[in-house]
Amino acid sequence: MNQRPVSFRLYLPVLVLALAVGLSTWLLAPAPSVGAIPCTPALPVSDERARDVLAAQRPFVPTNRDFFINVANHEWTDVAPLDYPDGPALSEQETREALRSFLQRRFPCAPDRVLDGIKVYDDPIVQMKVPESTLRAALAALTGTVGEPAIAYVIYQTPVTLIHFGVYLLPGEGLPTHFAGVSHYPDETLQIVIDRQYRYMPFAALTALLLHESMHTGLDDVVAGLPEEAVASAFEALVYMQTLLIEPSIATLPDELTRYGENHEALVRLNSGPAGSDRLTLFVPGSDQNIDPLATEPLTEFYDYYRRYSITDDPVFDARESPGNPLLQELLTALAETGATPPVDANFDQNTLAFVDQNQGVLSPAELIAVACILQLDVPCS
């Protein structure tokens, strides 16, 4: 079965009411004149200044601890307790309008791209495969991100019959231990299952998670190993950061997926890079610098993040490579920096890891600092 054997997305003890932290946004610049629409976001620092900050001030640490939680580390338990959104969910039409507003902020001067996302939401095949409006909007919100190729891939190219809220269990489990997973059935069809306790979440909070799971919907029967999970997590973090730039309020959500999963993963991804560099890399050879302020033991590179926060007795998990798929190939192409060529017929292997390590053609240095500001890390934000 090609399902994820473990996950860093392990449930934490359910605590009590959380305090959502307010966050002011500065993503869109004031209109230069009456009726004018800015086509580029106003960012807190310039690219030049951002490169200096990334090179000199990493690893960043949170200034607002309530954006994060790790109950395994006693220093990170005295924070706002976890909580989960209550219903009712938005109606079908309300969700559609929320999606339109989100896309208009992403594409203020490209109405055709807004319509591209709305068409995904309204597509009859998408409605059959993704009947719940929150998840359908989460899928459509990949429009304009590095994960956009996943939309057509999971709907039209792989035997995914359903993307839905439910309970994802691994064989032999009685209690759920994952935020989400891909279920394989004897007839070779697939389902992506997102845990039901997130059914009242804003759709944008689920977009990056949905991209991660979509990367596991290849047609092979090989269980994912660390190379596949590390690549999927690296892309998930990028999509989450791209989403934060449009909907920064999702960083304040008090649930486990946000605070133990997405915010934490983005923090480590931002911090992973050679000393004195502005790069985001998977590997930091020879480093003894801890890039994870929430860790119980030092973590020195993003590649080890998934393994650190997963539990497995699989003796070959770390070394297991797995077949790629057309989605992986498209994602690598989207990630490529100018002049870089992705590996041909890419697999989840060392060649792909090396390419992801050396390419980040998605977010500018100024956008990375903007994300750090949204997460209220110790960076200059004025």
Side-chain angles (χ1 to χ4, degrees), residues 4-12 53-79 177-179 208-209 212 224-238 240-241 251 256-314 317-320 348 350 353-354 356-358 360 363 368 371-372 375-379:
R4 297 166 59 192
V6 293
S7 177
F8 69 82
R9 302 179 176 83
L10 300 177
Y11 285 104
L12 304 177
V53 171
L54 289 164
Q57 297 185 27
R58 291 190 294 179
F60 305 136
V61 298
T63 63
N64 187 338
R65 295 165 67 89
D66 289 345
F67 277 50
F68 305 89
I69 194 168
N70 182 0
V71 298
N73 185 339
H74 69 88
E75 295 181 1
W76 285 89
T77 55
D78 187 20
V79 295
T177 57
H178 293 65
F179 295 150
L209 176 63
H212 183 122
L226 181 56
E228 181 171 335
E229 294 292 2
V231 171
S233 297
F235 275 98
E236 177 184 10
L238 292 177
Y240 184 65
M241 288 191 274
E256 181 183 7
L257 170 62
T258 301
R259 294 172 61 196
Y260 185 65
E262 305 292 16
N263 285 354
H264 188 188
E265 183 176 71
L267 168 63
V268 176
R269 187 84 165 99
L270 282 168
N271 279 342
S272 185
S277 159
D278 65 353
R279 307 289 296 173
L280 301 189
T281 61
L282 300 187
F283 304 105
V284 190
S287 175
D288 60 1
Q289 176 68 62
N290 180 29
I291 63 171
D292 182 3
L294 278 67
T296 54
E297 299 293 337
L299 182 71
T300 62
E301 59 185 9
F302 185 83
Y303 181 69
D304 290 333
Y305 176 75
Y306 187 98
R307 182 65 179 84
R308 172 66 61 84
Y309 291 100
S310 65
I311 298 174
T312 179
D313 56 4
D314 183 347
F317 174 72
D318 288 7
R320 183 187 293 116
F348 293 100
Q350 294 304 311
L353 289 168
V356 174
D357 178 68
Q358 292 301 308
Q360 56 185 49
L363 292 163
L368 294 176
V371 169
L375 293 173
Q376 296 192 19
L377 307 183
D378 59 338
V379 297

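In this chain, residues are counted from 1 in sequence order.
How far CZ of Phe60 is from CG of Leu54: 5.0 Å, rounded to the nearest 0.5 Å. The structure places OH of Tyr305 at 11.5 Å from CG of Asn271, a figure rounded to the nearest 0.5 Å. One finds the CZ atom of Phe317 at 5.0 Å from the OG atom of Ser310 (value rounded to the nearest 0.5 Å). To the nearest 0.5 Å, atoms CG (Leu368) and CG (Leu280) are separated by 5.0 Å. The distance from atom OG1 of Thr312 to atom OH of Tyr306, rounded to the nearest 0.5 Å, is 9.0 Å.
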Stepwise side-chain contact (heavy atoms from CB on, under 4.5 Å) test for Asp304 and Phe283:
CA-CA 9 Å; Asp304 290 333; Phe283 304 105; over 6 Å; no
CA sep, side-chain torsions, deciding dist, call: Tyr260, Leu294, side-chain contact (heavy atoms from CB on, under 4.5 Å)
CA-CA 10 Å; Tyr260 185 65; Leu294 278 67; 5.8 Å; no
Would you please test Leu299 and Asn290 for side-chain contact (heavy atoms from CB on, under 4.5 Å) and show each step?
CA-CA 5 Å; Leu299 182 71; Asn290 180 29; 4.1 Å; yes
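Residue pairs meeting the salt bridge (charged side-chain N to carboxylate O under 4.0 Å, His left out) criterion with at least one member in residues 268-290, sequence neighbours excluded, are Arg51-Asp278, Arg279-Glu337.
Residues Pro293 and Pro62 are in side-chain contact: their nearest non-hydrogen atoms beyond the backbone lie under 4.5 Å apart. Counting only heavy atoms from C-beta outward, the side chains of Phe67 and Val79 never approach each other to under 4.5 Å. Counting heavy atoms from C-beta on, the side chains of Thr281 and Glu301 never come closer than 4.5 Å. Between Val284 and Gln289, the closest side-chain pair of non-hydrogen atoms is not below 4.5 Å.
Annotation for Ala251 and Leu375: closest pair CB-CD2, 4.0 Å, computed over non-hydrogen atoms. The two atoms that bring Arg308 and Ala295 nearest to each other are NH1-CB, 3.9 Å, heavy atoms only. Closest heavy-atom contact between Ala266 and Met241: CB-CG, 4.2 Å. Nearest approach of Thr300 to Ser287, heavy atoms of both residues: CG2-O, 3.5 Å.
Judged as a side-chain hydrogen bond (donor to acceptor under 3.5 Å, both in side chains), and not counting sequence neighbours, the contacts of Asp292 are His264, Tyr309. Scored by the side-chain hydrogen bond (donor to acceptor under 3.5 Å, both in side chains) test, Asp318 finds Arg307 as partners (sequence neighbours excluded).
Listed for the Ser272 side chain is no donor-acceptor partner under 3.5 Å among the backbone atoms of Val268. Judged by distance alone, the side chain of Asn263 and the main-chain N or O of Phe68 form no donor-acceptor pair under 3.5 Å. No donor-acceptor pair under 3.5 Å is formed between the side chain of Thr296 and the backbone N or O of Asn73. Panel note: side chain Glu236, backbone His212; no donor-acceptor pair is recorded below 3.5 Å. Looking at Asp357, its side chain does come within 3.5 Å of a backbone N or O of Leu282 through a donor-acceptor pair.
Checked against Leu270 for a side-chain contact (heavy atoms from CB on, under 4.5 Å), the options Ile291, Leu377, Val379 give a single hit: Leu377. Between Phe348 and the choices Glu228, Arg320, Glu229, the side-chain contact (heavy atoms from CB on, under 4.5 Å) rule is met once, by Glu228.
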